[in-house]
Amino acid sequence: MTLQIFNTASRKKEEFVPADPRRVTLYVCGPTVYSFPHIGNARPAVVFDVLYRLLMQKFEQVVYVRNITDVDDKINAAAAKEKVSIGEISTRYTRAYHQNMTDLGVLAPVIEPRVTDHMEQIIDMIERLVAAGNAYEAEGHVLFHVPSYSGYGALSGRNLRELIAGARVDVAPFKRDDTDFVLWKPSDAGQPAWDSPWGAGRPGWHIECSTMIEQHLGETIDIHGGGQDLVFPHHENERAQSTCVHGGKLLSRYWMHNGFINVDREKMSKSLGNVLLVQDLLEQAPGEAIRFALLGTHYRSPLDWSDEILNRSRRNLDRLYEVLNHLQDVEIDTSAFEVPDMFTDALEDDLNTPAAISELHRLAKQVKTASGQNARETLKGQLLAAGRMLGILQQDPAVWFRGTSEIDEAEILRLVELRSSAKKERNFKQADEIREQLTAMGIQIQDRPDGTSSWRKV
RNA sequence: GGCUAGGUGGCAGAGUGGUGAUGCAGCGGCCUGCAAAGCCGUCUAUACCGGUUCGAUUCCGGUCCUAGCCUCCA
């Protein structure tokens, strides 16, 4: 089966055929670093991480670019509020983003460009747009003239008249058309500013992605991804800029957008105060469980986040690690095993991770009835290979069950042995008391048939 | 108001023109000193109304409902 991708531009699933079969180019809009990453930032990172892993399996080279937006008025606001430099804000939150993504098992992209390193190229692209007649200067601003590009609106499926009718914001008087958007704007004293032919200022919101794509991947890329909210206006505007500056060449051959996360059936938003930070969720559950929860719903569907789905994900991982635990005696070379077809087929069907996960469960079930050593080796190899595609199940089961936080193993072992002797003497009252004591410590006891017991962190 | 996506069992969540995945929970059993874990078995669903069809959950039309975007947002 070949990879099928739902292309936002056509609103259909299409077969994915890269322009160059040996080199696939993927660009995903990364975070604006003005606060700690929330679960909504984590979803695209995890989803496109799975796509990246899948593409790497299918193609020789995958150039994955995910940017860091470190120039933005929200960053300016955060810096002003704390009375620190914007660099301090963006450095702090970039670091937090990297740490959180690592905790979620997200691989680093091949290139991670920052807007501040591309100011020259941004100015250059704006100049080219002005020269081509697609942009104009007005009162220190440079604006993209939307009516100059007839294809505007095709990505998000809207027409100009609708946009004007739906406009709810006050339109700046110097705009030639209500829909024109800013490429460059002047900075007031105290605001970060870069020199430009139009005076000291800073770039508008969309131009940085067009510029970084051109610089690192070229004029036309294979896949452009991001959150659904970026379809309009961000990606529509990016597309307009890039297409015009490149003489009508396509910016991206496929567009992919992930759905939003709701919290307890409500939209996650700062005003509702229900924004879930990744760092807080990591207190609740291991990053792998958070990742698994994100992959339990198809990426284009909305995802209702709750404590329940997180607990459920952790429990499901418990079961899968339990199965791996039973295969601990099986020695294999993991690189020698291929992911089962049914599993790959699911992922190749527009990244159907829920269906892929159900194949994982099917594999796990087979382990229980597999008797021969060959069958057990194959199943373990397939389970680990499939897990690797999703970025899960790669830990030692013992580490998964015991956790990494500070626990007093010696004390636990002492209590477990004390309880074993009590059981041997048929002093069940004492044995049960010790079990309760361990339960209170967050340790669950599992008796084995031979009288010994294993334990795990709950 | 405009545009878009969607409504599947107690919950989560796939697929499909012809006996409705998978997981959790529930129930029954095995195992256990009792548990836990595990194993075996098992109940429950395609919003509503029409149409096309031998046959629709799947295709078409309508109704109702939900979510997202149209404004900063992953």
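Below, read A as the first sequence line, B as the second, and so on, with proteins coming before strands; counting in each chain starts at 1.
- Counting to the nearest Å, the C1' atom of B:A36 and the CZ atom of A:R435 are 7 Å from each other.
- Among the atoms of the strands shown, none is found under 4.0 Å from any heavy atom of A:I39.
- Nucleotides B:G50 and B:G41, compared at atom C1', are 42 Å apart to the nearest Å.
- If you take atom C1' in B:A25 and the same atom in B:C60, they sit 38 Å apart, rounded to whole Å.
- A stacked arrangement is not assigned to A:F260 and the six-membered base ring of B:G68, the conditions of a centre distance below 5.5 Å and an interplanar angle below 30° not being jointly met.
- Heavy atoms of A:Q444 sit under 4.0 angstrom from primed sugar atoms or phosphate atoms, though from no base atom.
- Salt-bridge annotation for A:D49 and A:R53: present, with a side-chain N of the basic residue lying under 4.0 Å from a carboxylate O of the acidic one.
- Distance from the side chain of A:R315 is smallest to B:A37 among B:A74, B:G33, B:A37.
- Nearest to the side chain of A:T297, among B:C34, B:A14, B:A74, sits B:A14.
- Atoms CH2 (A:W255) and C1' (B:A5) sit 19 Å apart, rounded to a whole Å.
- For the C1' atoms, the distance linking B:G13 with B:A45 amounts to 12 Å, nearest Å.
- Contact of A:D432 with B:G33 (side chain to base): a donor-acceptor pair of N or O atoms is detected under 3.5 Å.
- When heavy atoms are screened at a 4.0 angstrom cut-off, A:H234 is found touching no nucleic acid atom at all.
- Residue A:R319 places at least one side-chain N or O under 4.0 Å from the OP1 or OP2 atom of B:C24.
- Here, B:C24 and B:A14 have their C1' atoms 15 Å apart, quoted to the whole Å.
- A salt bridge between A:D447 and A:K423 is present, with a side-chain N of the basic residue lying under 4.0 Å from a carboxylate O of the acidic one.
- For A:E308, counting side-chain heavy atoms from C-beta on, the closest listed nucleotide (B:C11, B:G68, B:A74) is B:C11.
- Nucleotides B:U16 and B:A21 are separated by 10 Å at their C1' atoms, to the nearest Å.
- No contact: A:E359 has no heavy atom under 4.0 Å from any strand.
- A donor-acceptor contact closer than 3.5 angstrom is absent between the side chains of A:E238 and A:S210.
- A:F232 places its CZ atom 6 Å from the P atom of B:U71, with the value rounded to the nearest Å.
- Between the P atom of B:U22 and the CZ atom of A:F292 lies a distance of 15 Å, rounded to the nearest Å.
- Taking only side-chain atoms of A:N352, from C-beta outward, the nucleotide of B:G68, B:A14, B:A36 with the closest atom is B:A14.
- In terms of position along RNA chain B, the nucleotide closest to A:L303 lies nearer the 5' end than the nucleotide closest to the other residue of the pair A:L303 and A:S358.
- Taking atom C1' on both B:C27 and B:U44, the two are 12 Å apart, rounded to the nearest angstrom.
- Distances shown here put a side-chain N or O of A:W205 below 4.0 Å from the OP1 or OP2 atom of B:C73.
- Residue A:I309 is classed as having no contact, given no heavy-atom separation below 4.0 Å to the nucleic acid.
- Between the P atom of B:A74 and the OH atom of A:Y97 lies a distance of 10 Å, rounded to the nearest Å.
- Electrostatic pairing of A:E359 and A:K365 does not count as a salt bridge here, judged by no charged N lying under 4.0 Å from a carboxylate O.
- At least one side-chain heavy atom of A:I223 sits under 4.5 Å from a side-chain heavy atom of A:L55.
- Comparing B:A37, B:G13, B:G23 by their closest approach to the side chain of A:P354 singles out B:G13.
- Nucleotide B:A74 holds its P atom 13 Å from the CG atom of A:L277, rounded to whole Å.
- Whole-Å rounding puts the A:L351 CG to B:G13 P distance at 17 Å.
- Taking the side chain of A:R312 as heavy atoms from C-beta on, and the options B:G23, B:A37, B:G33, the nearest nucleotide is B:G23.
- Ion pairing between A:D72 and A:K74 holds under the 4.0 Å rule for side-chain N and carboxylate O.
- A centroid separation of 6.0 Å or more is found between the aromatic rings of A:Y254 and A:H224.
- Annotated stems with RNA chain B as a participant read B:1-7 with B:64-70, B:10-12 with B:22-24, B:26-30 with B:38-42, B:47-51 with B:59-63, given as range with range, by first number; only runs of 3 or more Watson-Crick or G-U pairs under 3.5 Å qualify.
- A:G227 comes within 4.0 angstrom of the backbone, heavy atoms only, and of no base.
- In this structure, A:H257 has its ring center under 6.0 Å from that of A:H235.
- Between the NE2 atom of A:H361 and the P atom of B:A12 there is a distance of 16 Å, given to the nearest Å.
- Taking the six-membered ring where the residue is Trp, A:Y64 and A:Y52 present tilted rings, their angle falling between 30° and 60°.
- In this model, no donor atom of one side chain and acceptor atom of the other lie less than 3.5 Å apart for A:D70 and A:Y93.
- Note on A:K423: a base of the nucleic acid sits closer than 4.0 angstrom, heavy atoms only.
- Among the protein residues, A:R43 comes within range of no part of the nucleic acid, since none of its heavy atoms lies under 4.0 Å from any strand.
- Across all non-hydrogen atoms, the minimal contact from A:R239 to A:Y149 is NH2-OH, 3.4 Å.
- Residue A:D447 is in base contact, counting any heavy-atom pair closer than 4.0 Å across all strands shown.
- B:U53 and B:C48: their P atoms are spaced 23 Å apart (whole Å).
- Among the protein residues, A:R300 comes within range of no part of the nucleic acid, since none of its heavy atoms lies under 4.0 Å from any strand.
- Listed nucleotides B:U4, B:G68, B:A14 differ in distance to A:R11; the shortest reach to its side chain belongs to B:U4.
- Residues A:D72 and A:R362 each lie close to RNA chain B; by heavy-atom proximity, the contact nearer the 5' end of the strand is made by A:R362.
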